[in-house]
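Everything on this sheet refers to the single structure shown next.
The sequence lines fix the lettering, A, B, ..., with proteins before strands; numbering per chain opens at 1.
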Amino acid sequence: MSLSPPVRVRFAPSPTGYLHVGGARTALYNYLFAKRYGGKFILRVEDTDTERSSEEFIRMQLADLKWLGLDWDEGPDFETLKDSGEYGPYRQSQRQDIYKKYAEKLIESGQAYYCFLTDAEIDEQRQRAQREGRPPHVDSPYRDWTLEKAKERMSNGETAVVRFKVGEKKDYTFKDLVRGEVVFPSDMVGDFVLLRSSGMPVYNFCCAIDDALMKITHVFRAEEHLSNTLRQMMIYETLGFTLPEFGHMSIILGSDKQKLSKRHGATSCNEYKERGFLPEALLNFVALLGWSSPDGEEVMSVDQLTSKFAVDRLNSSPAVFDEAKLLWMNATHLRALPNAKIFERLKPYLDAQGLKFTGGPEWQNQAIETFKSSMQTLQDGVGLFTHLSETPIQMTDEGREALAWPTSRKVLEVWKAGLENLPGEFLTEAEFMELQNTVKEKAEVKGKQLFQPIRVAVIGSPHGTELKLLIPLLQKHILIDRAEQALANMSSQ
RNA sequence: GUUCCCUUCGUCUAGGGGUUUAGGACAGCCCCCUUUCACGGGGCAGACACGGGUUCAAAUCCCGUAGGGAACGCCA
């Protein structure tokens, strides 16, 4: 299916840090919409805030997007930052000539003007307006100055911002794809800044010009931009551009119902990546924050999301980011993967911890098969695989309790002796079962008195993976070392 | 303060006048499976913010109120 004119959507992050999960959702919806209707997904970098933006941040954002698999058709390359696409440059900091040209056009036609108001003056105006119960708009005395007069004042080096001259009061109406008809009275805003005194343009101005010049047909963005739409509509109107369609989705909240922010814990995609979340799970989860599938399905791949995506199922009320559900979503996506794939995904996380394993594909397969039901994240996998490495185990309090049982010493002594008598690098499941039986008879214990001390001597905790599956994954010498260690611990107490 | 947006189980949501004793998912609780922990299976509990209208009929439409959010920046 395709729409005419051809769909062009964009994601326009401002590079002031890692990609936020809210940004990921915005990017995803735009991406899905483009794919669904055979359109183009454009990436534009809104780096006009030179104080907070940096190339480093751009790279971080692009790397996060890349990790999520949300590939863009036009925009900077994620490594070289070199543009591809015919509507570039795609970084606003490199489009200043364009903005300047349009600003001059507006100044010359009297629809914008130079303003010399200082911060202090503006602040005072705002406070007075607040006190008197008026909207805190700037009321510039320079509004009606002639261009000559303003230029004269600037000729001695004084700088000025360029403000848009808001016209006579009227209503601006548009049909929001998510919210339906939205009406803004024009006096909702005062004369707003187009160009900073440094000459650098401001968000609303660039955004309007770029969306128009880049032939963007649909703008899906967060609700916080809803009221910006008014200013952008004014710019579109005076410049004679055709308005794109807008869809403002609800914001994402933290568990305290406040806008999701750092104090809620992880908010950046990168943090979720590091904590071992799968990109497809994170995408699936955020997709459901404000959108639902027509068939009620919840667990979906990006391809399935693409084929089911439609704007009429976008929800306009805010959604709380529930990490418990994300965890479940991640576990579900993880378990759906073939074992070899899971290992492949886990590998970088193991490497990062310096964990090396000599086991081949069959060993890897067995290990994943054994552990996957208790993994929610890849980091859980790291913890589990650590048990299989030479890394010394961490003893839990419960573990110590189990070792303190009167029968535990005998169990471990027999266990260790039995291990030492066995040939080969690894135990087979059958060998383990036999040895466990020997321990049972010689130590005269059964049930948890039998297997919990053994498990503690292997992983440090009485709870965990079934022993007959776990033991064959461990090299015998590691098992012996750990049995010795456990026995040593017992004597020292 | 002004303008705009939002309001269904704890959370994400379905439902958009009668099909609803308001459905599903996560979390919670219980049971089964299980020599532990998980996984898996089954079950229980849990919501239409409030007040007015419109209508034979309202979770659904309208108006208020309350609560939350956004914007009013030389942030985006």
Side-chain angles (χ1 to χ4, degrees), chain A residues 12-16 46-49 51-53 92 115 117-119 122-123 126 129-138 159-163 176 178-180 182-190 192-204 206-207 221-231 248 250-251 253 255 257-259 285 288-294 296-299 313 315-329 331-332 335 371-376 380 398 402 436 440 446-452 455 459 461-467:
Chain A
S14 57
T16 55
E46 309 215 325
D47 56 349
T48 55
D49 183 355
E51 300 279 300
R52 297 199 301 151
S53 304
Q92 291 185 329
C115 172
L117 243 24
T118 63
D119 284 351
I122 292 170
D123 210 51
R126 186 169 300 133
Q130 293 259 23
R131 269 200 309 274
E132 292 169 8
R134 288 180 290 117
H137 297 159
V138 170
T159 56
V161 301
V162 174
R163 285 186 188 278
D176 191 279
V178 180
R179 284 151 213 280
V182 179
V183 184
F184 291 115
S186 60
D187 59 1
M188 193 174 150
V189 294
F192 52 91
V193 171
L194 259 23
L195 255 40
R196 298 174 170 97
S197 51
S198 64
M200 187 62 94
V202 123
Y203 166 74
N204 280 299
C206 313
C207 183
R221 53 170 33 161
E223 187 195 304
E224 57 204 271
H225 291 290
L226 186 56
S227 33
N228 283 323
T229 310
L230 172 61
R231 268 166 286 210
H248 290 91
S250 56
I251 42 170
L253 308 175
S255 49
K257 307 259 184 163
Q258 302 291 302
K259 191 170 168 182
F285 174 73
L288 262 21
L289 255 27
W291 178 82
S292 59
S293 172
E297 281 299 322
E298 299 212 338
V299 180
R313 297 196 66 87
N315 199 39
S316 58
S317 46
V320 173
F321 190 96
D322 178 14
E323 208 171 278
K325 187 152 184 176
L326 170 59
L327 230 26
W328 165 81
M329 184 67 83
T332 307
R335 284 175 202 134
F371 290 149
K372 69 177 172 189
S373 68
S374 39
M375 285 167 64
Q376 290 200 102
D380 292 340
E398 269 189 305
Q436 195 187 33
K440 183 180 176 180
K446 60 179 181 181
K448 69 177 192 175
Q449 260 76 27
L450 170 63
F451 66 86
Q452 289 204 343
R455 182 178 287 115
I459 62 169
S461 160
H463 305 297
T465 316
E466 202 177 344
L467 284 172

Q. Roughly how far apart, to the nearest Å, are B/rU20 and B/rA58 at atom C1'?
A. 13 Å
Categorize A/Phe184 for me: base, sugar-phosphate, or nothing, with a 4.0 angstrom heavy-atom threshold over every strand shown. sugar-phosphate
For nucleotides B/rC56 and B/rU13, find the distance between their P atoms and express it as a whole number of Å.
36 Å
If pairing means Watson-Crick or G-U wobble with both distances under 3.5 Å, then the partner of B/rG46 is none
message: Within the 4.0 Å heavy-atom criterion, would you say A/Arg455 contacts the bases, only the backbone, or no part of the nucleic acid?
response: base
A/Val183 near the nucleic acid: base, sugar-phosphate alone, or nothing, with a heavy-atom cut-off under 4.0 Å?
sugar-phosphate
Students should find that the nucleotides of RNA chain B closing off the region near chain A, any atom under 4.0 angstrom from a heavy atom, are B/rG1 to B/rA76
Comparing nearest nucleotides in RNA chain B, the 5'-proximal residue of the pair A/Asn315, A/Thr465 is A/Asn315
Review point. Heavy atoms under 4.0 Å, any strand shown: does A/His248 hit a base, just sugar-phosphate, or nothing?
Key: nothing
Exercise for review: Could you tell me whether the side chain of A/Leu226 reaches within less than 4.5 Å of the side chain of A/Asp176, counting heavy atoms only?
Suggested key: yes
For this session: Have a look at A/Gly296 and say if it touches a base, only the backbone sugar-phosphate, or nothing, with a 4.0 Å heavy-atom cut-off.
Result: nothing
Counting the atoms with a prime plus P, OP1 and OP2 as sugar-phosphate, which does A/Asn228 contact under 4.0 Å by heavy atoms, base, sugar-phosphate, or nothing? base
- Message: In whole Å, measure the gap between the P atoms of B/rA45 and B/rC6 for me.
- Response: 34 Å
Is the backbone N or O of A/Trp291 less than 3.5 Å from a side-chain atom of A/Arg313, with the two atoms forming a donor-acceptor pair by type? no
> Sub-3.5 Å donor-acceptor pair from the side chain of A/Asn315 to the main-chain atoms of A/Leu289, do we have one?
Replying inline: no
Original post:
Is A/Ser197 touching bases, backbone alone, or none of the nucleic acid, heavy atoms closer than 4.0 Å?
Top reply: base
Distance between the C1' atoms of B/rG24 and B/rU34, in whole angstroms?
29 Å
Indicate, with a heavy-atom threshold strictly under 4.0 Å, whether A/Pro185 touches base, sugar-phosphate, or nothing. sugar-phosphate
A/Val138 and A/Arg163 have their tightest heavy-atom pair at CG1-CZ, 3.7 Å
Using the P atom in both, what is the distance from B/rU7 to B/rC61, to the nearest Å? 10 Å
With heavy atoms under 4.0 Å as the rule, sort A/Glu398 into base, sugar-phosphate or nothing.
nothing
Taking a pair to mean Watson-Crick or G-U wobble geometry with both distances below 3.5 Å, B/rA70 pairs with B/rU3
* Asked: Parallel under 30°, tilted from 30 to 60°, perpendicular over 60°: which one fits the rings of A/Tyr203 and A/His225?
  -> tilted
A/Val189 near the nucleic acid: base, sugar-phosphate alone, or nothing, with a heavy-atom cut-off under 4.0 Å?
-> nothing
Checklist entry - Are A/Ser250 and A/Ser317 side-chain neighbours, meaning at least one heavy-atom pair lies under 4.5 Å? => result no
Any base atoms under 4.0 Å from A/Gly190, or only sugar-phosphate, or nothing? Heavy atoms, all strands. nothing
| message | Under 4.0 Å, heavy atoms only, any strand: does A/Glu46 hit a base, just the sugar-phosphate, or nothing? | response | sugar-phosphate
As its Watson-Crick or G-U partner within any shown strand, both distances under 3.5 Å, B/rC39 has none
Original post:
If we only count heavy atoms from C-beta on, is the A/Val189 to A/Phe184 side-chain gap below 4.5 Å?
Top reply: no
Exercise. Select base, sugar-phosphate, or nothing to describe what A/Ser373 touches, counting heavy atoms under 4.0 Å on all strands.
Key: base
_Using a 4.0 Å heavy-atom cut-off, does A/Pro136 contact any base of the nucleic acid, only the sugar-phosphate backbone, or nothing at all?_
base
Sorted by position of nearest nucleotide on RNA chain B, 5' first, the leading residue of A/Leu288 and A/Ser374 is A/Leu288
Taking B/rG16 as the reference, what is the distance to B/rU55 when you measure between their P atoms (whole Å, please)? 23 Å
Answer for the Watson-Crick or wobble partner of B/rA59, both distances under 3.5 Å, is none
What interatomic distance, in whole Å, is found between P of B/rU60 and the corresponding atom of B/rA22? 15 Å
Rounding to an integer number of angstrom, what distance separates B/rU65 and B/rG28 when you compare their P atoms?
41 Å
State whether the side chain of A/Ser461 and the backbone N or O of A/His463 hold a donor-acceptor pair below 3.5 Å, judged by distance alone.
yes
The residue among A/Glu223, A/Arg179, A/Arg221 that forms side-chain hydrogen bond (donor to acceptor under 3.5 Å, both in side chains) with A/His248 is A/Arg221
